[in-house]
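Report on the structure given below.
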Amino acid sequence: MSEPQIVWLRRDLRLCDHAAFTAAAQAGPVIPVYILDDETPGERKLGGASRWWLHHALEALEKDLGRHSSKLILRRGSVCDVLPALAEETGATTVHAMRHYEPWWRRAQGKLKDKLDLQLHDGNYLMPPGSVTTGSGSPYKIFTPFKDSMFAAIHGFEVLPEPSLSAPDSWPESDTLADLDLLPTKPDWAGGMREFWHGQHGTSAAMDRFEQFLDVSKDYTDDRNLPGEDATSRMSPHLHHGEVSPRMLWDAMSPYTSDGAHTFRSELIWRDFAQNLICQFPNYAEEPYRDGYDDNFWRNPNRGHLIEEELEAWQMGRTGYPIVDAGMRQLWATGWMHNRVRMITASFLVKHLLIDWRHGEKWFWDTLVDADYGSNGTNWQWVSGTGVDSNMFVRIMAPLSQSEKFNAGEYIREWVPELADLADEDIHDPSEKRRPKDYPAKLIGHKEARERALETYRAMKD
Ligand SMILES: Cc1cc2nc3c(=O)[nH]c(=O)nc-3n(C[C@H](O)[C@H](O)[C@H](O)COP(=O)(O)OP(=O)(O)OC[C@H]3O[C@@H](n4cnc5c(N)ncnc54)[C@H](O)[C@@H]3O)c2cc1C
C-alpha cells in the first residue's frame with residue numbers, strides 16, 4: 001500500500017471542489033486533519049462567533065467523511081509543531097493543503113515547507129490572487145477594472161467531485177470535537193445563532209440554501225439592498241469556512257443569465273478582490289492605507305473624549321439611530337448582518353462618532369460568523385475612506401434617510417422591539433414625543449456629527 005497522505009484543513013471544510021483532497025486521494029490513503037491553532041494567528045485568533053460556526057462546520061464534515069469510511073483527526077497547538085509531528089507519527093510522506101493568504105498562514109506555509117513536503121493547492125477563490133493584473137502587470141488596487149478583468153478571464157469552472165478516500169492501515173489519535181471547546185457555555189450566548197442558522201451547516205445544507213436563492217436571484221440587484229427582505233444568499237459563513245467554494249456557486253449559477261445573477265457574480269469577485277489586497281498589503285486590516293488617519297485624527301480618550309461609552313453604545317445597539325441599533329443587535333444575536341446595514345453601522349461609527357475604524361473591525365472580527373481578515377479589513381477601509389480606492393472620508397452616509405430609502409421599517413421592528421409599535425412615518429427617526437422611554441436619545445445629531453467629521457477632515461488636510 002502507498003504511503004498515507006495528510007490533508008491539512010483550515011478554512012476549506014468540504015470534500016468537493018477541494019484540490020488538496022483530490023490530489024491526496026490519488027496518491028494514497030488519506031488522513032484528514034484539522035488543527036485548532038490559537039498561536040500562529042497571534043492577535044487574529046478566531047473570534048467567538050467564528051468558533052461557534054467552526055464547531056458546526058467540523059461536525060458536518062465529520063459526517064461527510066463518515067460516508068467515505070474516513071475520519072477527521074482533530075488536534076490542538078501550533079501547526080508548525082503539530083503537523084511535522086503528525087507526519088512522523090503516521091509515516092505520511094506529503095501534506096496537502098489548500099493555499100490561504102492571511103499573513104500568518106503565508107508565514108506558516110513558508111516555515112512548514114522547510115520541515116516537510118507541503119503541497120499547496122488553489123481553489124478557495126475564483127482565481128488565485130495575482131491571476132489578473134493591470135496593463136502594466138501590476139496588481140489591481142481599484143475594484144471596477146479588477147472585476148472587468150475577472151469577468152473576461154473566467155470561462156466557467158470544472159468543479160472537482162468528491163474524491164473516493166481510502167483509509168490508512170491505522171488511524172492516529174484524535175481529540176474530540178468537545179475537547180476543542182468551541183461552543184460558549186457560561187454564559188451560552190449562542191441561542192439566537194442556533195435559531196437563525198438552524199439546519200444550515202455543512203456543504204449540502206449550504207447548497208440547498210443556494211438553490212433556494214437561485215430562484216429569487218433575478219431580483220438580487222435591487223432587493224439585496226433591502227434589509228427587511230431575505231434576498232441575499234447568506235453564503236458568507238459557508239464561503240468563509242470553506243463549506244462551499246465560490247467556484248461551486250459560480251458553476252451552480254451558470255444557467256442563470258439575469259441581471260441579478262450578474263450582480264451576484266460581481267459580489268463573489270469582491271471576495272477575491274479582498275484577497276488580492278491582503279496579498280499586496282498584508283497589514284491591510286490593521287493599518288490605514290492613506291496617510292493622515294492616525295491616532296490624532298480620531299477621537300481619543302487621551303484627549304478627554306468619552307469614546308469607550310459611545311463605542312459600547314454602538315456595540316450594544318443603543319445609539320438612538322434605529323437602523324444602526326437594529327443592525328448591531330442583529331449582529332449580536334445571529335453573528336450576521338445585512339450588507340447594507342454593515343455599511344450604515346460602520347459609517348456611523350467612523351464618521352458620526354469619529355471612532356477609529358479599527359475598533360469596529362475588531363468588534364466585527366469577534367461577533368461575525370463570517371469574520372474574514374481580507375473582506376472585513378477591505379470593507380472597513382472602504383467605508384472609512386482610508387483605503388486604496390476612491391471612497392472619500394467626506395462622503396458621509398445619512399443613516400436616517402438610508403433607513404427610509406431601503407424600507408427598513410420591518411427590519412427595525414424585528415430587532416428593536418421597543419420601537420415595534422411606531423408607525424411607518426416615525427420608525428426611522430422617532431421624534432422626542434414619539435420615542436419610547438426605554439429607547440435611548442441619539443448619541444449625536446446627524447447635522448452636528450456631519451459638521452464635526454468634515455471639520456476634522458479639513459484640519460487634517462491643513
Ligand atoms: C464593514 C463591513 C465589514 C464586512 N465584513 C465582512 C466579513 O468579515 N466577511 C465577509 O464575508 N463579508 C464581509 N462584508 C461584506 C458583506 O457585507 C458580506 O459578505 C455579506 O453581507 C454576506 O451576506 P450574503 O452572503 O448574503 O451576501 P450576498 O449578497 O449573497 O453575496 C454573496 C457573497 O459575495 C461575497 N461578498 C458580497 N459582498 C461582499 C463585499 N462587500 N466584500 C467581500 N465579499 C463580498 C460574500 O462572500 C457573500 O457571501 C463586510 C461588509 C462591510 C460593509
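Read the numbers this way: they start at 1 and go in the same order the structure lists the ligands and their atoms. Position 1 is the first residue of the sequence, and the numbers go up from there.
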With distance as the sole criterion, is a donor-acceptor pair present between the side chains of Gln330 and Tyr411 under 3.5 Å?
-> yes
In the protein, which heavy atom is nearest to atom 3 (C) of ligand 1, and how far is it?
-> Asn376 OD1, 3.3 Å
Checking heavy-atom distances from atom 16 (C) of ligand 1 to each of Asn379, Thr378, Asn339, the winner is Asn339
When you measure from atom 31 (O) of ligand 1 to each heavy atom in Trp270, Trp380, Phe213, Tyr220, which option holds the nearest one?
-> Tyr220
Of the options Phe364, Trp104, Tyr284, which is the one that meets Tyr373 in a ring-ring contact (aromatic ring centres under 6.0 Å, His included)?
-> Trp104
Apply side chain to side chain donor-acceptor pair (under 3.5 Å) to the pair Tyr140 and Ser149, showing each step before the final yes or no.
-> CA-CA 10 Å; Tyr140 282 103; Ser149 292; 2.6 Å; yes
Which residue supplies the protein heavy atom nearest to atom 30 (O) of ligand 1, what is that atom called, and how far is it?
-> Ser233 OG, 2.6 Å
Side chains of Glu243 and Trp53: donor-acceptor distance under 3.5 Å anywhere?
-> yes
Just jot down the ligand 1 atoms closer than 4.0 angstrom to any heavy atom of Arg271, in number order.
-> 43 (C), 44 (N), 47 (O)
Under 4.0 Å, heavy atoms only, figure out whether ligand 1 is touched by the backbone of Phe273, its side chain, both or neither.
-> neither
From the options Glu267, Arg265, Met337, select the one whose nearest heavy atom is closest to atom 38 (N) of ligand 1.
-> Glu267
Give the contacting part of Ala371 toward ligand 1: side chain, backbone, both or neither, where contact means a heavy-atom distance below 4.0 Å.
-> backbone
Assess the side chains of Arg99 and Gln109: does a donor N or O sit below 3.5 Å from an acceptor N or O?
-> no
protein heavy-atom neighbour closest to atom 8 (O) of ligand 1 works out as Asp372 N, 3.0 Å
Is it true that the side chains of Arg271 and Asn124 contain a donor and an acceptor less than 3.5 Å apart?
-> no
Quick one: nearest non-hydrogen protein atom to atom 19 (O) of ligand 1, plus distance?
-> Ser236 CB, 4.0 Å
Non-hydrogen atoms of Met235 versus ligand 1: any pair closer than 4.0 Å?
-> yes
Phe264 heavy atoms within 4.0 Å reach ligand 1 at atoms 30 (O), 31 (O), 32 (C)
Trp365 and ligand 1 - part of the residue with a heavy-atom distance under 4.0 Å | neither
Would Glu229 and Arg224 pass as an ion pair if we require N to O under 4.0 Å?
-> no
Using a strict cut-off of less than 4.0 Å between a Lys/Arg side-chain nitrogen and an Asp/Glu carboxylate oxygen, indicate whether Lys45 and Glu102 qualify as a salt bridge.
-> no
What is the closest protein heavy atom to atom 43 (C) of ligand 1, and at what distance does it sit?
-> Ser375 OG, 3.6 Å
of all protein heavy atoms, closest to atom 6 (C) of ligand 1 is Arg342 NH1, 3.4 Å
Do you see a donor-acceptor pair shorter than 3.5 Å between the side chains of Asp325 and Thr319?
-> yes
among protein heavy atoms, the one nearest atom 24 (P) of ligand 1 is Arg234 N, 3.5 Å
State if Met343 counts as touching ligand 1 under the rule of any non-hydrogen atom under 4.0 Å.
-> yes
Classify the angle between the aromatic ring planes of Trp363 and Trp332 as parallel (below 30°), tilted (30 to 60°) or perpendicular (above 60°).
-> parallel
Heavy-atom side-chain contact between Leu61 and Tyr34 under 4.5 Å | no
Could you list which atoms of ligand 1 come closer than 4.0 Å to a heavy atom of Trp336?
-> 22 (C), 23 (O), 26 (O)
Is the shortest side-chain N to carboxylate O distance from Glu418 to Arg329 below 4.0 Å?
-> yes
Please could you name the atoms of ligand 1 that Phe364 approaches to less than 4.0 Å, counting only its heavy atoms?
-> 1 (C), 3 (C)
So is Tyr373 in contact with ligand 1, going by heavy-atom distances below 4.0 Å?
-> no
Numbered atoms of ligand 1 (with element) below 4.0 Å of Leu239, judged on heavy atoms | 47 (O), 49 (O)
In this structure, atom 9 (N) of ligand 1 is nearest to the protein heavy atom Asp370 O, 2.9 Å
Between Tyr101 and Gln275, is any side-chain donor less than 3.5 angstrom from a side-chain acceptor?
-> no
